[in-house]
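Data block below; observations after.
Note on naming: letters A, B, ... go to the chains in the order of the sequence lines (proteins, then strands), and numbering restarts at 1 for each one.
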Protein chains: 2
Amino acid sequence: MTLDEGKESFIQSWGTLGSSWGITRTMAQIHALLLVSPDPLSAEDIMEELQISRGNANMNIRALIDWNLVFKKLKTGERKEYFIAEKDMWQVVRNIIIQRKKKDLEPMLKVLNEIANVEGDDPETEEFKKVVRDIKLFSNKADSTLDTLVNSDSNWFVGTFMNMIK
Amino acid sequence: MTLDEGKESFIQSWGTLGSSWGITRTMAQIHALLLVSPDPLSAEDIMEELQISRGNANMNIRALIDWNLVFKKLKTGERKEYFIAEKDMWQVVRNIIIQRKKKDLEPMLKVLNEIANVEGDDPETEEFKKVVRDIKLFSNKADSTLDTLVNSDSNWFVGTFMNMIK
DNA sequence: GGCAAGATTCAAAAGTCTCTGAAACTATGA
DNA sequence: TCATAGTTTCAGAGACTTTTGAATCTTGCC
């Protein structure tokens, strides 16, 4: 397999993986492209390599920057913006967890708190309350467990945690 | 808030949460409905409550059964099939992890193995190989960590693991 | 076997999410 | 200040996903 085939294959897979992880396909592809590029790339380079429009490239690059998965890299004496990818996998996963937690888990916890107080004390209502209570308990634990993970550093996570579990 | 409002609110949120977790909205709504129903429901009940078509109900119930999130419950003397939900949250999360791992992580690992052997030894190729190697290492660890989690039982996970981390 | 209740399938329709591209905007430096 | 290189926006087009509903299949009973 040649280098170009390898890159192509990698970018496609990363795109597929990303799109089932809450980041869009193109977003993941841009990240993949930057991961395997030895040098920073400009928006134009990215458009060209991935055959996407200017608008699309721009929107997805901004999103990646928001998620802290890509950083701007200004070259001295150049007006153009260049971009590089976060290459530490734990940071990548961590940043994705942070976003997903905010977007998914937290709204769910909010709803669970609201509905934990439905009126009535007939058996059906009691059953409902019990189910909600169980889910709330689990979600709160999951939430704080994720917080701990997210605040831990890369070395501890990859070196200690993953081995500890195994 | 009344019981019905609470249920409605719960079903909608669960649906939203689910759809960003790789299970479709309707699938998650059916699961939510079954979670908060004290008694098993038939396909017809589900169609009625969620206002969805027969085909849609059928397909999504099958999918939930495949994922082990819902079980058939046959009532003696009745031809109709009734359904109940998996109510242990850890089992729910666990089953979702199992499916996602199979669908996402494993294909990625396969690709990583293929592209780890690109030809050439120029600096660009070496850089590419290094990136791929790092990702492979991380993914393999993540894969086996998830295996361990998935094989652990509910009590250990919720009782010990989550507290240990915190 | 014949029948009906129920379950399943799948092509077409509806709905959702993503991308394009041209226009508007902004920053730089002469 | 103006010209220009570069960036951002967003309405409409296009791609992809989910849902519908009617036709088909299966099951158990007489």
Side-chain angles (χ1 to χ4, degrees), chain A residues 11-12 14-34 40-67 70-84 99-100 103-104, chain B residues 11-12 14-34 40-67 70-84 99-100 103-104:
Chain A
I11 291 170
Q12 294 311 325
W14 203 246
T16 307
L17 183 64
S19 67
S20 60
W21 266 86
I23 83 177
T24 68
R25 208 142 110 67
T26 309
M27 216 170 140
Q29 287 181 343
I30 293 174
H31 183 245
L33 175 61
L34 290 173
L41 300 181
S42 68
E44 301 246 324
D45 297 332
I46 292 169
M47 286 163 57
E48 170 130 346
E49 290 267 359
L50 301 179
Q51 296 289 331
I52 59 177
S53 73
R54 182 170 297 283
N56 195 10
N58 184 275
M59 298 252 273
N60 283 294
I61 292 170
R62 291 314 128 190
L64 283 165
I65 291 175
D66 277 352
W67 286 44
V70 160
F71 309 104
K72 276 190 197 176
K73 175 100 188 185
L74 295 168
K75 289 194 182 172
T76 46
E78 280 221 54
R79 186 101 156 272
K80 215 183 284 191
E81 292 181 330
Y82 286 81
F83 305 98
I84 55 174
Q99 299 292 330
R100 300 296 305 269
K103 194 155 60 88
D104 303 333
Chain B
I11 291 170
Q12 294 310 326
W14 205 245
T16 306
L17 184 64
S19 66
S20 59
W21 265 88
I23 82 179
T24 68
R25 208 143 97 67
T26 309
M27 217 171 139
Q29 287 181 341
I30 294 174
H31 183 245
L33 175 62
L34 291 172
L41 300 180
S42 68
E44 302 247 325
D45 297 334
I46 293 169
M47 285 163 58
E48 171 130 347
E49 291 267 359
L50 300 180
Q51 297 289 332
I52 58 176
S53 72
R54 181 171 296 286
N56 195 7
N58 184 278
M59 298 251 273
N60 283 296
I61 292 169
R62 292 315 125 192
L64 283 164
I65 291 175
D66 276 352
W67 285 43
V70 160
F71 309 104
K72 277 189 196 176
K73 175 100 187 188
L74 294 167
K75 289 194 182 172
T76 45
E78 281 222 54
R79 183 91 164 283
K80 215 183 287 195
E81 293 180 330
Y82 287 81
F83 305 98
I84 54 174
Q99 299 291 332
R100 300 294 304 269
K103 194 155 59 85
D104 302 334

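Among the protein residues, A:Glu44 comes within range of no part of the nucleic acid, since none of its heavy atoms lies under 4.0 Å from any strand.
Looking at the side chain of B:Met59, the nearest of the listed nucleotides D:dC10, D:dT7, C:dT9 is C:dT9. Side-chain proximity of B:Asn60 to the nucleotides D:dT19, D:dT20, D:dT7 is greatest for D:dT19. With D:dT8, D:dT19, C:dT20 as the choices, the nucleotide that has an atom nearest any side-chain atom of A:Arg54 turns out to be D:dT8. Here the nucleotide nearest the side chain of B:Ser53, chosen from C:dA7, D:dT20, D:dT9, is D:dT20. Of the listed nucleotides (D:dT7, C:dT8, C:dT9), D:dT7 has the atom at the smallest distance from the side chain of A:Arg62. Set against C:dC10, D:dT7, C:dG6, the side chain of B:Lys80 has C:dG6 as its closest nucleotide. Distances were taken from every side-chain heavy atom of B:Glu81 (C-beta onward) to each of C:dA7, D:dT20, C:dT20; the shortest belongs to C:dA7.
Looking only at distances, a side-chain donor or acceptor of A:Asn60 sits under 3.5 Å from a matching main-chain atom of A:Asn56.
Counting heavy atoms from C-beta outward, B:Met59 and B:Met27 have side chains that stay 4.5 Å or more apart.
Between the side chains of B:Asp104 and A:Ser20, at least one donor N or O lies within less than 3.5 Å of an accepting N or O.
The neighbour count for A:Arg100 CZ, taken as heavy atoms of other residues, nucleotides or ligands under 6.0 Å away, is above 12.
The residue among A:Tyr82 and A:Arg25 whose nearest nucleotide of DNA chain D is located toward the 5' end is A:Tyr82.
OP1 or OP2 of D:dT7 has not a single side-chain nitrogen or oxygen of A:Asn58 nearer than 4.0 Å. A close approach under 4.0 Å does occur between a side-chain nitrogen or oxygen of B:Thr26 and OP1 or OP2 of D:dT19.
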